[in-house]
Each structure stands twice: as structure tokens, then as C-alpha cells.
Amino acid sequence: MRREKTNGKATEKPFVIAVDGPAAAGKGTLARMLAKKLGYRHLDSGKLYRSVAQNAEQVWKLKIPQQTQQIAKEIEENLRITDEYLEQIYRDEELREEKVAISASRIAPQKIVREALAKQQVAYIYSSAQGIVLDGRDMGTVICPEAPCKIFLTASPEVRAKRRYKEMLEQEIPDQEIPDQEIPDQEIPDQEIPDQDALNQETLDQNKLASYDATLRDMRARDARDLSRTQAPLRKADDAMKIDSSNYTIDQMLSEALDYANSRGATAHVQHTQEPSIMTDDTLKIDSSYHTVPLAFSKALDYAK
Ligand code: DC
């Protein structure tokens, strides 16, 4: 939290950490973990675009991108970013689906939609003195260029495609049939392209699985769109620190980002609103910030057995 003097009056501003970068670079994981470590709020702007796209199609019954004006009007009149709203969209499994990502990517280049969402994002950022971690494509360049700590997180297209592909495999695994050891380990990126045969398990319906090659092609196409669009193209802010997560474990990525945030003046926000829960010596600890839901479930199931 920083204190600033305005006309002799002390006002408290939140400490802002802006994390930008291409799809599947690990921004979501890093932003969530930074927020948790520091006790900050977390604004995942990708989820906002996804939620707007979903609302446009399902609730407001508007076409993307043909009815952009009306979508922007709905945002101005009906969308207010609050802690409760964010909790709700972070829990919404449907927003993670590829079809929603595609709708979001068609609405994201629209100037008036971005402007309407920008107003809401800035209002939320400054609605509290509690620090905040922003996660997106234009956080350090457009939404909060004054952020004292900016991180541009990237990784090679191959590594990002592999992570996305593994996530898709995990989503395809039916709840009751999670195999014992074969679930790909999402948190340790390595350079190898996955072997299709090794992943060819009986419990997986191969027809439903996207191939790694197609995922890599999509990733490159998405990068090209993000980089070349006229509205808020993806770019590293001049004063952002670049972290390449290609060869990092999550812990290494978090440690480098935390060191940098501390060097920029971030301090943990301490707020005890409830008694911390006590973990007994014989309790298995699963930190779900490292895992997707099926992977956390699989670990709990293995332990229960
Ligand atoms: O990070 P994501 O896949 O959840 O983002 C969904 C879409 O929204 C993607 O097409 C990028 C876009 N987006 C954006 O243009 N600006 C942001 N700040 C966040 C996401």
C-alpha cells in the first residue's frame, strides 16, 4: 500500500503488479500465486472478456462481433466488477472452454468493448487500498501504465502449446476414470513434444482429443492476432521485467517474480478476518493453486485409496 499526498490530504493507493504476456505463458498461475503470497486481490482480465462474450451470446442474445455497440452498452449499464462477481466468474467452469475463448477473442479487438471494460477495470483496481495483481495482455500498457511493478511473462510457442494441450487432455478425462500415474504433470514444463502413443490410454476417447500439432498451430495464430491487432496489441511495456518461463518450474517463476515485486516495493497485505485453519500432522496438503481440478482430484483420490 502506498501513501500519496494530494492537496495536503493523504490518500491510500493499492500497490499494483501488472502481469502481461501471451496465452498459456503461465500468467494465471503466477498472478494467482503472487496474490495469495502477498494477500492481494487478483483481477484476471481474460476471464472478464470470456464472461462478456458468454453473456453477450447467452444472456443479452447479441451477436459477436456484429452487435458490438449493444454489447458495449450492456457492459456500461449492467456490468460492475466486484469481489463477488470475480469469485463467481473464476468458479465458472464453462468460461474455461475453448468455444468461449474463441468468442472472447472475437470480442477483444473491438475498441468500444475494450473502452467500456477498461473503465470498469480501473474503477475496481482503485476501489480498495488492498494491493492487486492484474493479469492480461494490456495491464501494464493500457489499463494501469502507472503500476510500479510490471512483469511480462512469456515462454516459447512449443512450451505454451504443450501446456495448453495437457490442460485439454485433463479436461477430457471423465470424473470417475482418472488413471493412476498417467496424468501429465502440468507444472514442470520440459522441452519434449508429447508422444501421442504414450497418451493413448484406454480411458481417453482419442476422437475427442485435439492433437498437439493443431494446438501449436492455434497458439501461433492466436499470438499473431494478439500482436497485430490495432486495439491494445500485446506488447511488453518498456519498464516491465521480462520473465521467460520456458525452462522454469512454477516455484522458480514465482520466486523470481516475488523478488522483483519486493524490489519494486511490494509488501504483503496482512488481514486476519478469521482464524487460520490448523493442519494436523497426518493431513495431506494439496496446494490447488498448482493444479487443475482433475489433477487435484486425482491426488486426493490416490491418497484416499
Ligand atoms: O487469457 P484468456 O485466454 O483468458 O483471454 C481470453 C481472450 O481475451 C483472448 O483472446 C485474449 C483477450 N484478452 C485481451 O484482449 N485483453 C486482456 N487484457 C485479456 C484478455
Side-chain angles (χ1 to χ4, degrees), residues 16-32 35 41-57 64-65 68 71-72 75 79 81 85-86 88-125 132-145 147 150-155 157 160-161 163-168 171 210 215 217-237 240 245 292:
V16 180
I17 301 177
V19 182
D20 289 304
K27 294 187 304 289
T29 306
L30 178 64
R32 247 191 332 273
R41 293 169 294 153
H42 171 214
L43 177 61
D44 176 348
S45 61
K47 284 278 168 16
L48 281 182
Y49 281 91
R50 287 169 185 251
S51 164
V52 164
Q54 187 193 48
N55 272 318
E57 288 175 336
I64 300 171
T68 298
I71 295 171
I75 294 172
L79 190 125
I81 304 174
Y85 168 75
L86 292 176
Q88 184 200 323
I89 64 173
Y90 296 164
R91 270 201 310 266
D92 189 340
E93 292 288 326
E94 207 182 311
L95 291 188
R96 295 169 202 268
E97 290 176 9
E98 202 50 24
K99 66 172 196 293
V100 183
I102 291 167
S103 300
S105 74
R106 290 167 63 222
I107 197 113
Q110 308 299 326
K111 186 168 186 251
I112 50 173
V113 167
R114 296 199 77 86
E115 285 171 352
L117 272 180
K119 268 190 220 154
Q120 300 293 332
Q121 291 176 78
V122 172
Y124 177 71
I125 293 166
I132 186 163
V133 185
L134 312 176
D135 154 5
R137 307 288 195 285
D138 60 344
M139 299 290 116
T141 50
V142 177
I143 300 297
C144 204
K150 298 179 192 172
I151 294 171
F152 191 81
L153 185 68
T154 187
R160 290 185 290 116
R163 289 176 188 164
R164 187 47 58 84
Y165 176 70
K166 284 179 172 180
E167 273 170 25
M168 287 192 285
Q171 281 171 8
T215 311
R217 261 199 314 277
D218 285 354
M219 191 64 73
R220 290 191 198 280
R222 191 170 293 189
D223 285 354
R225 277 202 303 277
D226 279 351
L227 290 165
S228 66
R229 71 180 181 211
T230 46
Q231 295 305 316
L234 174 65
R235 73 171 180 84
K236 176 186 163 304
S245 72
T292 58

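Whatever order the structure lists them in is the order used to number ligands and atoms, beginning at 1.
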Q) Under the side-chain contact (heavy atoms from CB on, under 4.5 Å) test, which residues partner Gln88, sequence neighbours left out? A) none

**Q.** Non-hydrogen atoms of Asp20 and Met139 that approach each other most closely
**A.** OD1-N, 2.8 Å

Q) Looking only at N/O atoms, are Arg222 and ligand 1 under 3.5 Å apart anywhere? A) no

Q) What are the two closest non-hydrogen atoms of Ala237 and Lys150, and how far apart are they? A) CB-CD, 3.8 Å

Q) For atom 1 (O) of ligand 1, what's the nearest protein heavy atom and its distance? A) Arg137 NH1, 2.9 Å

Q.
Looking only at protein heavy atoms, which one is nearest to atom 7 (C) of ligand 1, and what is the separation?
A. Ala104 CB, 3.8 Å

**Q.** Atoms of ligand 1, numbered as shown, that sit under 4.0 Å from any heavy atom of Arg50
**A.** 2 (P), 3 (O), 4 (O), 6 (C)

Q.
Counting non-hydrogen protein atoms only, what is the nearest one to atom 8 (O) of ligand 1? Give residue, atom name and distance.
A. Tyr49 CB, 3.6 Å

**Q.** Subset of ligand 1 atoms that lie under 4.0 Å from at least one heavy atom of Ser105
**A.** 10 (O)

Q) Can you check whether Ala155's main-chain N or O pairs, donor with acceptor, with Arg160's side chain at less than 3.5 Å? A) yes

(Q) Suppose we measure from atom 16 (N) of ligand 1 to each protein heavy atom; which comes out shortest, and what is that distance? (A) Arg114 NH2, 3.0 Å

Q) Does an N or O from Ser45, backbone or side chain, lie closer than 3.5 Å to an N or O of ligand 1? A) yes

Q: For Ala108, counting its heavy atoms only, list the atoms of ligand 1 lying under 4.0 Å from any of them.
A: 12 (C), 15 (O)

Q: Examine ligand 1 and decide if any of its atoms is less than 4.0 Å from a heavy atom belonging to Lys27.
A: no

Q: Apply side-chain contact (heavy atoms from CB on, under 4.5 Å) to Ser103 and list each qualifying residue two or more places apart in sequence or on a separate chain.
A: Ala53, Glu57, Ile64

Q | Close-contact set for ligand 1 against Met139 heavy atoms, below 4.0 Å | A | 18 (N)

**Q.** Axial cation check for Tyr90 ring with Arg32, 6.0 Å and 45° limits
**A.** no

Q | Test: Asp226 and Arg137 ion pair at under 4.0 Å | A | yes

**Q.** Short N-O contact, Glu167 and Arg163, less than 4.0 angstrom
**A.** no

**Q.** Closest approach of any protein heavy atom to atom 20 (C) of ligand 1, naming residue and atom
**A.** Gly46 CA, 3.6 Å

Q: Pull out every atom of ligand 1 sitting under 4.0 Å from any heavy atom of Arg229, numbered as shown with elements.
A: 14 (C), 15 (O), 16 (N)

Q | Ionic contact status for Asp218 with Arg164, cut-off 4.0 Å | A | no

